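Just below is one structure, and these are the notes that go with it.
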Amino acid sequence: MNAPATFLDVTVEINGRKTTPRIVEARRTLADFLREDCGLTGTHLGCEHGACGACTVLIDGEPARSCLTLAAQADGAAITTVEGLADGAALHPLQRAFKDKHALQCGFCTPGFLVAAAALLRENPDPSELEVREYLSGNICRCTGYQFIVAAVLAAAAEINGKAGADV
Amino acid sequence: MKPPAFAYASPRTVDECLALKAEHGEDARFIAGGQSLMPLLSLRMVRPAVVIDLGRVRDLAYWRREGEQIVVGAMLRQRALEQDKALAGALPLLAEATRQIGHPATRSRGTIVGSLCHADPAAELPVCALLLKAQIVLASTRGRRTIAAEDFLVDALSTSIADDELVEQVRLPAARPGTGYAFLELARRHGDFALISVAASVSPEAGRVAIGGLGSAPLAFDLQAPDFAAESQRIAQGLQPPADLHASAEYRRALAQTLIERALAAAARRSKT
Amino acid sequence: MLFGKRQTRAEDDRLIRGKGRYVDDISLPGMLHVTLVRSEVARATIKVNVEEARSAPGVHAVFVAADLPASAKILPDCHPNPVLRHPRGPQVLADGIVRYVGEPIVAIVAESRYLAEDAAELVSVKYDLLPAVIDLERAMADDGQRVHEDLQSNLAARIPVACGDTDKAFAEAACVVRQRLQIQRGAGQAMETRGIVAHWDRHTERMVVWNVSQVPFVHRAAIANALQLPENAVQVLNPDVGGGFGYKGLTYVEDLLVPVIARQLDVPVKWIEDRREHLIAAYHERTQIHDMEIATTAEGVILGIRGKFLCDAGAYTPWGPVVPLLTAVNIPGPYKVPNYKVECEFVYTNTVPIAPVRGAGRPQACYVSERLLDAVARKLGIDGAELRRRNLIQAHEYPYDVGFISRDGTRRTYDSGNVPALLERALEMVEYDKHRAAQEEYAAQGRHVGIGIACCVEDTGLGPFEEVGMSVELDGSVTVRMGTPSQGQGQRTAFAQIVADQLAVPFDKVKVLAGNTDNVRYSIGTFASRAGIVTGSAVLDAATQLRERALKIAGTLLQASPDDLTLEDGNVVRRDGGALGRAMSLADIVHTSLGESGAPLPLREFGPGMSTVASFAPPTNTFATGCHAALVEVDPRTCKVSILKYVAVEDFGTMINPMIVDGQVIGGVGLGIGNSFFERAVYDDSGQILTGTFMDYLVATTMDVPHVHIDYLATPSPLNPLGMKGAGQGGTIPVPAALSAAVEDALRGFGLRLRHVPFSESDIFAALQAATAGEAA
């Protein structure tokens, strides 16, 4: 058994790419690890106490608040951040829908909404408006009043479902 | 808002967890999902010397049926109650309550046992545990003991866990045919801690309610008569809920009465299906 | 034509990929991190010991008040106004005394934020407590406790606004209603907190400051003054900013402190405010207590409004008396109020200073006038919509002289409007008649359904001016430079739409640059719903100048009359469709007019290139108007409110991009819903702030903001060439009034009276109890 340590090696896979091991202080949050150690500043810190959702990432496919997770806890996990949603130049349908539906203004909360919405559509590809609203109720936006965010998620779901149908 | 310095350990077995906890005692905190502990750390309201991560311990993220009991391990995430239909079917009350705990991104990390251990007076799962007379299994290097939820939940943010103990599992009775369950709460916003929450079970023979949001440990009451309106009034009148930023004591008492009555009615309806 | 089109935004491609750059994303080599030790008490004399913190691991420096230069000890009033008789600027670091919880006392500079926070815990502050002045009414009682010891009282300013003869109006009135109404403290709480990165650029010998300002030129002046540098030795830059909402349009002590630290240490430093600090130390707004009365005829026609109100200033006045002034002049709203007399007392308390937050004094004004009208309607038995019809300024009465002097010192005159039409459209959209008729039927079903209406005006597009620089580049692309930065309003998009039309270039060939004090010579900033109008009009002017210049140069080169030419798809063409001597693009014109290296300039009469600077100075404000209607259902047992339908009908004059305006309206309604139900910054009697996290300070979520049904009716403003009116705040202003009315209406059978916002389920319960006990007037 490893004795308690104040610094640890952390290796994670981020957006499909494995990082080299990094020495991280035990108290470092996953959010700070991603932003400062890995240079992925798309994950934003809105409150640092788990009440706004701006820092939402996927840990092994499940949505999580990176401010409420230690980097040490994520050692060995696969992380998806907003930077990993697009496939190269090709935007994720949610990203396209966010632009088309004017689902962002200042853009600060947007990465958290996009990642949370991606998790929703993975779980529930055809959500109702209420299901979208419930799922995203832990993400705060001060600019949009949410209406166009909800519309964008529904539009992206329709697009994904339409495509899935066409592929079959 | 950054956590204070601490040392971190990620044991692989329960025995290793218990040895570490025995060594560091109250200076050590277990972290499971971290959804309660991390805000406290970031606000520097707790300062453990050691944080022991349960996330890599083998065989804690389980649930299984043992006869009439559902046994839930310390690392089973709250989301399992939404995503695992067999579990939700066996624990419909917890499944209903879980949808009102925080948000998907907190439920995917937060654990069922962790919520019981944190014992927030307005949290949902302690209310369910109390209603169902759950049994809490505590482990330490000294051995294991099992105590009733009623004895485990001492007060707001206070349980009967000793400094060297780990809550290894919680044992809950599986839903019985002919018994209906319901969980109702009112929060300022969806996902917030409840102003008042009520869990109810109703069968042809008995009715029981448990109430959260009282500023203390939740309280449970067995019905003395089948008149829900009168019983909800009787129970609510005896409550001493707190006043805070979000609601007065008088409002909480009145709300408790309404929610008890409605939860009982919903549970009674469900007992017949 | 792109003008008026729902153009998707030029800003979004970066932001949706997580490639925005916000201030916390900026990192410079060797950068140190600042954290602040803030007062834990509301009022005390203090003794500070920082010795232990100085020697903590990773700490490079510790600053206390004595370490600051004289020029950087007190924040100057960046918005002086003679009405403010007793201005008091915030202390950059508290010097011997603290006046609110959260006031900065010590700055720690360390290698990481983690280490800085560790060291901050080692600072010892000995507080000698003094009684705190918290309650607004008691602050004005003469019990000797003063926020500022050198003042005779806690009165910062007394603001009277009047017209007509209210005494006569009230003496002759058939109906007089008096109400005490309270609006509680709220905050802007953008998703991005404040933050600053500052460093001394050794190459340009300038202090370079990245911050989240809405007013970079104001900040440049304040920083230069604090550092005793010429203004040209300070550059202020704004990266992507995560929401502004007005309160980022002010100067804060950190805006001076962080550059001072960077200058003294000669290293780059970063300060990022955390959410707790943002909740307890970023300026608040809204707190007012009104004692108002309205006089009407028996038919409900307003004869006069009079009364007094208290407005909480907090502990200092960093931005003059703007908020109470705006309330005082906005109470008459879109109604004819021939006799008006209000007096505001702007009062110091031991709390966070207040400053404009989206709406800026107007939600309070709207709340007061609409609540008075609802009371009159009830008293006279007149339907609320009908009562408003009888009192609204009619379309033909615009421009309308309100009768007194406005915030900007001009006679308050509504330039254009047609609020009666907005009202009728809102009633139609909310299906007012249908639901009014069905209310008894709903009641019979045990459903408690109510409707509320509120109308408002908003003074927008304030002066004095904005300046825009514009150039056509060698490749025919267009660069637009301006002083008004964006906090999410989509300026890169909206202004590019104007330019693309005027210069006939594709939208994506226009680049709009803002957020850099080097961009233009002078600027005021983005606030008060002004950038779209004032900067937008300057953009139009600059683009028009360049268009005319292009056609003149083309005319010379092609030996044609400029009047016969026009621009199409980036090329000069003949208006009559005829052939030109040769093809000529905007790029060709730039090339030709710039000449060849080493040769004389070819078009000497024009000068080189295609570049200009334009400015626009509006004569006075233009007035946006709106009417909102809410249909709600309330459970009288749990007191939970459900919004069944929300309608916003707005008159923002001509709109550049209705999609962006939709976003402004819905987002504004979202804040308004927070102001109605949730958002409350609370102090206890000792001045401790109880709402220091997002678990206590509640903002509306996806589950709280309903679908907002929007329509627009435009009365273009005559005060600017585009006919625009500001759209930034209209969504917020009427919401608390409309929702209060709707909830009261839903529970009218219980005699519910709501006298304050926000109101929670618990507050509705208490009001119901009071009504049942017969306490309601």
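Every value quoted in this text rests on a predicted model; they were computed, and no experiment measured them.
- For chain C, no part of A:Glu36 is nearby; none of its heavy atoms comes within less than 4.5 Å.
- Within the 4.5 angstrom heavy-atom criterion, atoms from both the backbone and the side chain of C:Val699 approach chain A.
- For A:Gln95 (side chain) and C:Ile16 (main-chain N/O), a donor-acceptor pair under 3.5 Å exists by modelled atom type.
- Note that the CG atom of C:Asp704 and the CZ atom of A:Arg133 stand 9.5 Å from one another [nearest 0.5 Å].
- Contacts between A:Thr144 and chain C at a heavy-atom distance below 4.5 Å involve the backbone alone (N, CA, C, O).
- Chain C forms more heavy-atom pairs under 4.5 Å with one residue of A:Gly107, A:Cys141, A:Ala151 than with any other, namely A:Gly107.
- Formation of a donor-acceptor pair under 3.5 Å by the A:Gln147 side chain with backbone atoms of C:Val708 is found in this model.
- In this structure, a donor-acceptor pair under 3.5 Å is present between the side chains of A:Asp32 and C:Tyr114.
- A distance-only check finds a donor-acceptor pair linking the side chain of A:His49 to the backbone of C:Phe694 [under 3.5 Å].
- Highest contact tally toward chain A, considering only C:Thr693, C:Ile673, C:Val665, is held by C:Thr693 [criterion: heavy-atom pairs under 4.5 Å].
- Under the 4.5 Å side-chain criterion, counting only non-hydrogen atoms from C-beta, A:Leu104 is in contact with C:Leu15.
- Inter-residue side-chain proximity for A:Thr41 and C:Arg21 is flagged as unmet; no heavy-atom pair is nearer than 4.5 Å.
- Residue contact with chain C, scored on non-hydrogen atoms closer than 4.5 Å, involves the side chain of A:Glu48 exclusively.
- Two residues are said to be in side-chain contact when any heavy atoms from C-beta on lie closer than 4.5 Å; A:Phe148 and C:Asp662 meet this criterion.
- Partners of C:Gln491 according to the side-chain hydrogen bond (donor to acceptor under 3.5 Å, both in side chains) rule, which considers only residues two or more places apart in sequence or in another chain, do not exist here.
- For a residue to count as touching a neighbouring chain, one of its non-hydrogen atoms must lie under 4.5 Å from one of that chain's; by this rule C:Asp25 touches chain A with backbone and side chain alike.
- Listed options C:Met191, C:Arg14, C:Lys19, C:Arg6 were ranked by heavy-atom pairs under 4.5 angstrom with chain A; first place goes to C:Met191.
- In terms of heavy atoms, C:Val241 sits closest to A:Cys106 at O-CB, 3.4 Å.
- For the atom pair C:Met703 CE and A:Ser137 OG, the distance stands at 6.0 Å (nearest 0.5 Å).
- For C:Gln489, no part sits under 4.5 Å from any heavy atom of chain A, backbone or side chain.
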> Does the side-chain contact (heavy atoms from CB on, under 4.5 Å) test come out yes or no for C:Gln664 and A:Gln105, once each step is laid out?
Replying inline: CA-CA 9 Å; C:Gln664 288 291 321; A:Gln105 290 180 30; 3.5 Å; yes
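- Heavy atoms of A:Leu85 lying under 4.5 Å from chain C are absent altogether.
- Side chain of A:Arg142 to backbone of C:Glu192: no donor-acceptor contact under 3.5 angstrom is found.
- Ranked by heavy-atom pairs shorter than 4.5 Å toward chain C, the options A:Leu91, A:Val150, A:Thr43 are led by A:Leu91.
- The line from CD1 of C:Ile666 to SG of A:Cys143 is 12.5 Å long, rounded to the nearest 0.5 Å.
- Looking at heavy atoms from C-beta onward, A:His44 lies out of side-chain contact with C:Asp24 at the 4.5 angstrom threshold.
- Below 4.5 Å, heavy atoms of chain A meet heavy atoms from C:Asp274, C:Arg275, all part of residues 272-283 of chain C.
- Within the model, atoms NE2 of A:His102 and CZ of C:Arg9 stand 5.5 Å from one another, a figure rounded to the nearest 0.5 Å.
- Separation of atoms SG (A:Cys47) and OH (C:Tyr697) is listed at 15.0 Å; rounding is to 0.5 Å.
- A salt bridge links A:Arg27 and C:Asp118; the closest N-O separation between the charged side-chain nitrogens and carboxylate oxygens is under 4.0 Å.
- Of all the heavy atoms in C:Tyr22 and A:Phe108, the pair that sits closest is OH-N, 3.3 Å.
- Within 6.0 Å of the NZ atom in A:Lys101, the count of heavy atoms belonging to other residues, nucleotides or ligands does not exceed 12.
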